[in-house]
Amino acid sequence: MEILDLRHLTAHDLEPLLQEEIDLWSRELLWDYNASADLIRRFLDSRSLPGYAAMDHGRVAGYSFFVYEEHKGLIGDLFAMRSYRGQVEERLLEHVIETLRGSPGIQRIEAQLMMQGSERLDAIFRREKFRVHGRKFLHLDLRKAAIFAERPTGDYELLTWDDRYFEEVAALIARAYRDHVDGAINDQYRSLNGALRFLRNIIHYPGCGIFHPKGAILAMHRPTGRIQGLILTSTVNPGVGHITQVCTAPEFRNTGLGYELIRRAIAIFRDQGYDGVSLTVTAANTRAVELYDRLGFTVLRDFKAYVWDSAWG
């Protein structure tokens, strides 16, 4: 097995692998991965996607790519053809980590590998001093789910998404996740600039589906005149919605606001004829996990988030 720089290959070379990945996302997560695959193809054909491919007699057996984001490296994917799974991922991962660690200015590496669940890969990350966080991909079947009871919103006015609140929403995200486990997983949550970048990605790029503005709700707190809660949604497949973000200001937690935002987003998807809604949640966020369980969400896949930071020594 030979390991090659991805920039020596084209989208045509990886097409069978990408098609298998598209099929797997659709089958296991009810997610149309075509938009993400198209973006990968464009970067491959421009020879600008850093990463590695495992080659077996001229055939691409697996690949992994990463991107640079200022001081941080993001491992975007690690995937192998079915007939090669368990044979190439470890070598690809080792090459990627070594490259990122050796890149000037990189102080942090993050990865969320949805299609990986190997304990052997966990062992590599732990050996390389990564912290490992369990995460869950959940799904609610709207054809079977109950109609959830509405809760009064009290001092809140609930608004649909409006770009004029962009910076205020980003500031809320940074405030909400400052001491939250998800802020340890994704450092974009911990600063205003990072939260602005996160929002732009959610709204303008297909990584979390196609932004669904009708299901994006902002909670304006009347006494303060500030946005104190929000939920953002996307479409990931015809008939399948996704909750990409839900948070409330720390001082307004445990008031029922988060529940009502989720309930309303689900109701909007149901009214528009969607069959299901998905979301991801960190296992350590037990209050959120318990809420989603009460609402009837089920686990489609357990996966991991991995983080390394040079500050940890």
Side-chain angles (χ1 to χ4, degrees), residues 133-142 145-162 165-166 168-186 188-190 195 198-199 202-203 208-209 211-234 241-271 274 276-299 305:
H133 301 268
R135 305 206 74 216
K136 297 175 180 293
F137 188 96
L138 307 181
H139 178 261
L140 179 68
D141 188 337
L142 293 179
I147 304 296
F148 307 121
E150 181 176 353
R151 290 186 184 174
T153 55
D155 289 334
Y156 300 100
E157 180 182 0
L158 299 186
L159 312 170
T160 55
W161 175 260
D162 191 314
Y165 296 115
F166 202 99
E168 188 175 350
V169 166
L172 171 60
I173 291 171
R175 197 154 48 95
Y177 285 101
R178 189 165 293 124
D179 298 312
H180 193 278
V181 62
D182 287 352
I185 292 171
N186 183 347
Q188 284 186 336
Y189 290 150
R190 303 203 303 252
F198 167 80
L199 268 182
I202 288 291
I203 293 171
C208 287
F211 182 54
H212 182 256
K214 291 185 179 179
I217 306 168
L218 309 177
M220 171 76 77
H221 187 238
R222 293 189 184 95
T224 62
R226 297 180 63 190
I227 302 296
Q228 303 287 11
L230 68 102
I231 189 164
L232 303 177
T233 59
S234 66
H242 187 73
I243 295 173
T244 57
Q245 175 62 234
V246 58
C247 69
T248 59
E251 62 269 33
F252 294 97
R253 286 179 188 149
N254 305 320
T255 63
L257 177 59
Y259 164 87
E260 184 58 19
L261 289 169
I262 294 165
R263 188 201 68 79
R264 290 195 179 215
I266 291 171
I268 288 168
F269 280 127
R270 193 196 303 270
D271 290 346
Y274 282 64
V277 180
S278 60
L279 58 84
T280 57
V281 63
T282 303
N285 188 1
T286 53
R287 294 181 69 90
V289 172
E290 290 167 2
L291 171 60
Y292 298 137
D293 183 60
R294 291 198 303 272
L295 292 174
F297 282 83
T298 58
V299 179

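For clarity, every value in this text was computed on a predicted model and none was experimentally measured.
In this structure, W161 and L232 have side chains that are in contact, with non-hydrogen atoms separated by less than 4.5 Å. Considering only heavy atoms from C-beta on, L158 comes within 4.5 Å of L261 through its side chain. When side chains are defined from C-beta on, I231 does not count as touching R264, because their heavy atoms never get closer than 4.5 Å. Counting heavy atoms from C-beta outward, I202 and S234 have side chains that stay 4.5 Å or more apart. Taking the side chain as every heavy atom from C-beta outward, Q245 and L199 never approach each other to under 4.5 Å. Contact annotation: the side chain of L230 never approaches that of Y165 to less than 4.5 Å [non-hydrogen atoms, C-beta and beyond].
The shortest heavy-atom contact between Y274 and L142 is O-CD1, 3.5 Å. Of all the heavy atoms in I217 and A265, the pair that sits closest is CD1-N, 3.9 Å. For the residue pair A149 and R263, the shortest heavy atom distance occurs at O-CD, 3.1 Å. Residues A216 and T233 come closest through the heavy atom pair N-OG1, 3.7 Å. The two atoms that bring I227 and E168 nearest to each other are N-OE2, 2.6 Å, heavy atoms only. The minimum heavy-atom distance linking I262 with I243 is given by the pair CG2-CD1, 4.3 Å.
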- Chi angles and distances behind the ring pair (Phe, Tyr, Trp, His ring centres under 6.0 Å) call for Y189, H180: CA-CA 9 Å; Y189 290 150; H180 193 278; 8.2 Å; no

- Step by step, would you call F297 with I266 a side chain to side chain contact (heavy atoms under 4.5 Å, CB included)? CA-CA 11 Å; F297 282 83; I266 291 171; 4.1 Å; yes

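To the nearest 0.5 Å, the span separating NZ on K136 from CG on D293 amounts to 10.0 Å. Y259 OH to L291 CG: the interatomic distance, rounded to the nearest 0.5 Å, is 8.5 Å.
Residues E290 and R287 are not paired through a salt bridge, judged by the lack of any N-O separation under 4.0 Å between the basic side chain and the carboxylate.
H242 and S278 are linked by a side-chain donor-acceptor pair at a separation below 3.5 angstrom, with hydrogens and angles left out of the test.
Taking the six-membered ring where the residue is Trp, Y156 and H221 present tilted rings, their angle falling between 30° and 60°.
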